[in-house]
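Quick notes on the structure that follows.
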Amino acid sequence: MKKRKRILFGLGLALTISSVVVVLWVLAKGYKEPSYTTHTRPMMGTIVIIKAKARPEHIQRTFRVMEKIKSLMSKYEPQSEISTLNTKGKTKVSSELKEVITRATYFSGLTNGAFDITVGPLVRFWQKMEAKQEIPTQQQLNRVLRVVGYKNIKVSGNTVILEKKGMMLDAGGIAKGYAVDKAIQALRNKGVKNALVDAGGDIYCLGEGPHGKWRVGIQHPRDMEKIMDTIEVKNKGVATSGDYRRHYVIKGKKFGHIINPATGWTVQNTPSSVTIIAPDATSADALATGVFVLGPQEGMKLINSLPDVEGMIISQDMKMLTSLGWDRFEVEKG
Ligand code: AMP
Ligand code: MG
């Protein structure tokens, strides 16, 4: 009798264990971890690329988050929040625009005004000059410069005030990086641990790629097919500002799209491209633009003074100048 009970008990136990194993096996089969997929969408004057280990609905939601940032900060949409602020000079803004303005102002201080979100009137002026095919004079630029200067932005609660009539914000040097950071945040909120978001050279690398750390190639400024350097990063923002992307062409002469807020002229001759590695894409984006204005010497001094920031400056004669800790990220040259 005792023996029979023991056999029955053993049988019961075995059945219970095996059913648990079966349930676990079914659960494991039912849960399919997504593999890496690549998605692209034209946005913000470029092609946004998301490569992630994420479910398709999470990718679509991430694009929507980026579209929202774009529609708040686009200078080309007359109804955007930034356009409304530029027209009215004072308005309540979203937490996103407030954050971009606050961070832009921080980077203006850091770069001694080389990065300046109030370059709007200069950008518009250069566009006008291109349309008229007239090379501006210093006198004309000086007139425009009267309404340029980040110190004349006031933020009070959620209200932003542009203190000089005619002031205009242009978030072109920071908004793409910010949109990338927001995209990464949206993916993280859905439990995504591995993703790369690239908005035309403003990148964030979350976790790892299919073959280990994410690899980012730095383009040769004069030959798009060539990679000058390759870096490996994890949980970092990477941004490149170059003189080869966009220009104003006036009377056959090329003028880069980054403007020196100290002179009103577009940055000419130095450098050819600037790549920044930073803890987030917003910082990398703003610093790449700011360092581009500062030039190789002052720019590299600034990079080396910042903890957690590394950079590479390619000069007009294609010489690579790198910050003290750059080689920690470098994979291969050439
Ligand atoms: P990026 O491609 O990030 O270097 O940004 C360049 C864009 O930023 C330009 O097309 C302008 O819209 C804007 N911009 C130009 N000069 C400056 C500057 N000195 N500071 C901040 N933004 C600028
Ligand atoms: Mg930038």
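Whatever order the structure lists ligands and atoms in, that order sets their numbers, starting from 1. As the structure is a computational prediction, the values presented were derived from the model and not from experiment.
- For the Mg ion (ligand 2), the set of protein N/O/S atoms nearer than 2.8 Å consists of Gly173 O, Asp285 O, Asp285 OD1, Thr289 OG1, ordered by chain and number.
- Using a 4.0 Å cut-off between heavy atoms, Ala114 contacts ligand 1 through its backbone alone, with no side-chain atom that close.
- Close contacts of ligand 1 with Asp285, meaning ligand atoms under 4.0 Å from a residue heavy atom, involve 3 (O).
- For atom 6 (C) of ligand 1, the choice among His257, Lys75, Arg246 with the nearest heavy atom turns out to be His257.
- Counting protein heavy atoms only, atom 1 (P) of ligand 1 is closest to Thr289 OG1, 3.3 Å.
- No side-chain donor from either of Gln138 and Arg143 sits under 3.5 Å from a side-chain acceptor of the other.
- In Ile258, the parts holding a heavy atom less than 4.0 Å from any atom of ligand 1 are both the side chain and the backbone.
- For Gln133, the CD atom is densely surrounded, since the number of other residues' heavy atoms within 6.0 Å is greater than 12.
- The closest protein non-hydrogen atom to atom 16 (N) of ligand 1 is Ile259 N, 3.0 Å.
- Close approach to Asp116 involves these atoms of ligand 1, each under 4.0 Å from a residue heavy atom: 18 (C), 20 (N), 21 (C), 22 (N).
- More than 12 heavy atoms of other residues, nucleotides or ligands lie within 6.0 Å of CD in Glu57, so this atom counts as buried by the packing criterion.
- In this structure, Lys176 fails the cation-pi test against Tyr178, since its NZ or CZ atom is not both closer than 6.0 Å to the six-membered ring centre and inside 45 degrees of the ring normal.
- Remark: ligand 1 atoms within the under-4.0 Å shell around heavy atoms of Gly172 are 3 (O), 5 (O), 7 (C), 8 (O), 12 (O).
- Distance check, rounded to the nearest 0.5 Å: CG of Asp198 to CD1 of Ile50 gives 10.5 Å.
- Note: Trp126 and Tyr248 have parallel aromatic rings, judged against thresholds of 30 and 60 degrees for the angle between ring planes.
- Here the protein heavy atom with the shortest distance to atom 14 (N) of ligand 1 is Val119 CG2, 3.8 Å.
- Of all the atoms in ligand 1, the ones that sit under 4.0 Å from a non-hydrogen atom of Gly173 are 3 (O), 5 (O), 7 (C), 8 (O), 13 (C).
- Side-chain contact annotation: Gln268 with Thr266, donor-acceptor N/O pair under 3.5 Å present.
- The atoms of ligand 1 that sit less than 4.0 Å from any heavy atom of Val293 are 19 (N).
- In this structure, Ser94 OG and Lys98 NZ are separated by 10.5 Å, a value rounded to the nearest 0.5 Å.
- The side chain to side chain contact (heavy atoms under 4.5 Å, CB included) test with Val100 is passed by exactly one of Leu169, Ile117, Thr282: Ile117.
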Verdict with supporting geometry, Arg41 and Gln60, side-chain hydrogen bond (donor to acceptor under 3.5 Å, both in side chains):
CA-CA 10 Å; Arg41 189 173 290 188; Gln60 293 317 313; 2.7 Å; yes
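- Shortest non-hydrogen contact noted between Pro221 and Met318 is CD-SD, 3.8 Å.
- Remark: minimum distance from atom 4 (O) of ligand 1 to any protein heavy atom is reached at Ser241 OG, 2.6 Å.
- We find the CD-CG distance between Glu96 and Leu72 to be 5.5 Å, quoted to the nearest 0.5 Å.
- Taking a 4.0 Å cut-off on heavy atoms, Pro261 registers as neighbouring ligand 1.
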